[in-house]
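A short write-up of the structure that comes next.
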Protein chains: 2
Amino acid sequence: MSVPVLTPALQVEGVEEACEALRARGLRLSAARRLVIEALVAAGRPVRAEEIAGGLGGRLPRSDLASVYRNLETLESHGLVRHLHLGHGPGLYALAGEERELLLCESCFRYIAVEPDVLDGVREALADATGWQARFSHFPLTGLCPECG
Amino acid sequence: MSVPVLTPALQVEGVEEACEALRARGLRLSAARRLVIEALVAAGRPVRAEEIAGGLGGRLPRSDLASVYRNLETLESHGLVRHLHLGHGPGLYALAGEERELLLCESCFRYIAVEPDVLDGVREALADATGWQARFSHFPLTGLCPECG
DNA sequence: ATACTTGCAAATGATTTGCCAGTGT
DNA sequence: ACACTGGCAAATCATTTGCAAGTAT
């Protein structure tokens, strides 16, 4: 049981860069592992492990689901991948990169991602009231969006 | 797929009061249903469905897990029960009552519950910055607690 | 009487594990 | 070579569903 959220994230943008970072950490670059990275880059949004194994619905070769999970875990433990949760439903995976804060509406279930500085005031108010440091990039901040409020 | 979080919660404290509220809503009071209520009251904290079915480890008679889930869903849809999530792991159920805001530490995985007014400043800052209304009684606010920060 | 519930079995969805053959370095 | 990784099957965990038999009102 790891604490992937707290793993320092790398700033990874493309396939080659990610593969490079991977080898730099002494990890092997297998075909299946490269496919996971390609899928995350191609998707451009957080995706389920099953979508990766399914080759993003035909865009990429399909691969074994168990291996996908294992590779996601490996990549995550090395800071190359992160995963997050949007309410109920399966975990979602993305290449590590700039971590934006997530806001999930518990009425319409849509979510938005904002730059961290947007929530500076929130973080400050929370720290003043409770001493906690808020982080909304793994588990989103939940509430009602302006339309549903 | 319901949106239980938004169901107006009743203020239910004890077994008899809950049974009363249940009948007032035209629901039948079966033995299995009463056991669910008794388990929630006896536990005094959010519990997993399996704990209820297991009779809280011997304190109460055990019952069928599928029925427990069905009854929790029924009770929740009538505002008598609510469920929440504390990070990864199974959903937790509690009698509806005063809803306190939950703060989960993503490092040590402990959580605290605070009175809603403690977070008034946080809510205000969030509304100012994004127009969202924060709610942390179903999905907790996540971050680092003072010890882990 | 009859619509609602139960209990058991089986299905589902997400994720993990065991194992042995295959492969990256 | 040799440790690491892949693929496949099977296990696990949380939850849901089908259905015949039982029960609350």
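To find a chain, count down the sequence lines: A is the first, B the second, and so on, and within it residues start at 1.
In this structure, A:Asp64 atom CG and D:dA9 atom P are separated by 9 Å, rounded to whole Å. Rounded to whole Å, atom P of C:dT5 lies 16 Å from atom CZ of B:Arg34. Atom-to-atom, CZ of B:Arg33 to P of C:dC4 comes out at 11 Å; the value is rounded to the nearest Å. Rounding to whole angstrom units, NE2 of residue A:His88 and P of C:dT15 are separated by 14 Å. In this entry the distance linking CD of A:Glu50 with P of C:dT16 reads 14 Å, nearest Å. For the pair B:Leu35 CG and C:dT5 P, the interatomic distance rounds to 16 Å; values are reported in whole Å. Rounded to an integer number of Å, the gap from CD of B:Glu51 to C1' of D:dC13 is 14 Å. If you measure from atom CD of A:Glu76 to atom C1' of C:dT15, you get 13 Å, rounded to the nearest angstrom.
When the salt bridge (Lys or Arg N to Asp or Glu O under 4.0 Å) test is applied to A:Glu17, no partner is found at least two apart in sequence or on another chain. Among residues two or more places apart in sequence or in another chain, the side-chain contact (heavy atoms from CB on, under 4.5 Å) test is passed with B:Glu124 by B:Asp128. For B:Tyr93, the ring-ring contact (aromatic ring centres under 6.0 Å, His included) partners at least two apart in sequence or on another chain are B:His83. In this structure A:Arg48 satisfies the salt bridge (Lys or Arg N to Asp or Glu O under 4.0 Å) test together with A:Glu50, A:Glu51, sequence neighbours excluded. Scanning for side-chain contact (heavy atoms from CB on, under 4.5 Å) contacts around A:Arg110 gives A:Cys108, A:Glu147, with sequence neighbours left out. Remark: A:Arg34 pairs with A:Glu16, A:Glu38 by the salt bridge (Lys or Arg N to Asp or Glu O under 4.0 Å) rule, at least two apart or across chains. Not counting sequence neighbours, B:Ala94 has no partner by the side-chain contact (heavy atoms from CB on, under 4.5 Å) test. Qualifying salt bridge (Lys or Arg N to Asp or Glu O under 4.0 Å) partners for A:Glu101, counting only residues two or more places apart in sequence or in other chains: A:Arg123.
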Nucleotide N/O of nucleotides 15-19 of chain D paired with protein N/O under 3.5 Å:
{"from": "D:dT15", "atom 1": "OP1", "to": "B:Gly91", "atom 2": "N", "distance (Å)": "3.1"}
{"from": "D:dT15", "atom 1": "OP2", "to": "B:Tyr69", "atom 2": "OH", "distance (Å)": "2.4"}
{"from": "D:dT15", "atom 1": "O5'", "to": "B:Tyr69", "atom 2": "OH", "distance (Å)": "3.2"}
{"from": "D:dG18", "atom 1": "O6", "to": "B:Arg70", "atom 2": "NH1", "distance (Å)": "3.2"}

Could you write out each protein N or O paired with an N or O of nucleotides 21-25 of chain C at a distance under 3.5 Å?
{"from": "C:dG24", "atom 1": "N2", "to": "A:Arg28", "atom 2": "NH2", "distance (Å)": "3.1"}
{"from": "C:dG24", "atom 1": "N3", "to": "A:Arg28", "atom 2": "NH1", "distance (Å)": "3.4"}
{"from": "C:dT25", "atom 1": "OP1", "to": "A:Arg23", "atom 2": "NH2", "distance (Å)": "3.0"}
{"from": "C:dT25", "atom 1": "OP1", "to": "A:Leu29", "atom 2": "N", "distance (Å)": "3.3"}
{"from": "C:dT25", "atom 1": "OP2", "to": "A:Arg23", "atom 2": "NH2", "distance (Å)": "3.2"}

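For DNA chain D, runs of at least 3 consecutive pairs of the Watson-Crick or G-U wobble type, with both hydrogen-bonding distances under 3.5 angstrom, map to C:1-10 with D:16-25, C:12-14 with D:12-14, C:16-25 with D:1-10.
At least one side-chain heavy atom of B:Trp132 sits less than 4.5 Å from a side-chain heavy atom of A:Pro146.
When the side-chain nitrogen and oxygen atoms of B:Asn71 are compared with OP1 and OP2 of C:dT5, none of them lie within a distance under 4.0 Å.
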Hey, can you pull the donor-acceptor pairs under 3.5 Å for the side chains in residues 54-65 of chain A, sequence neighbours left out?
{"from": "A:Asp64", "atom 1": "OD2", "to": "A:Ala66", "atom 2": "N", "distance (Å)": "3.3"}
{"from": "A:Asp64", "atom 1": "OD2", "to": "A:Ser67", "atom 2": "N", "distance (Å)": "3.2"}
{"from": "A:Asp64", "atom 1": "OD2", "to": "A:Ser67", "atom 2": "OG", "distance (Å)": "3.4"}

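Ring geometry, A:His88 versus B:His138: the interplanar angle exceeds 60°, so the pair is classed perpendicular (tilted spans 30 to 60°).
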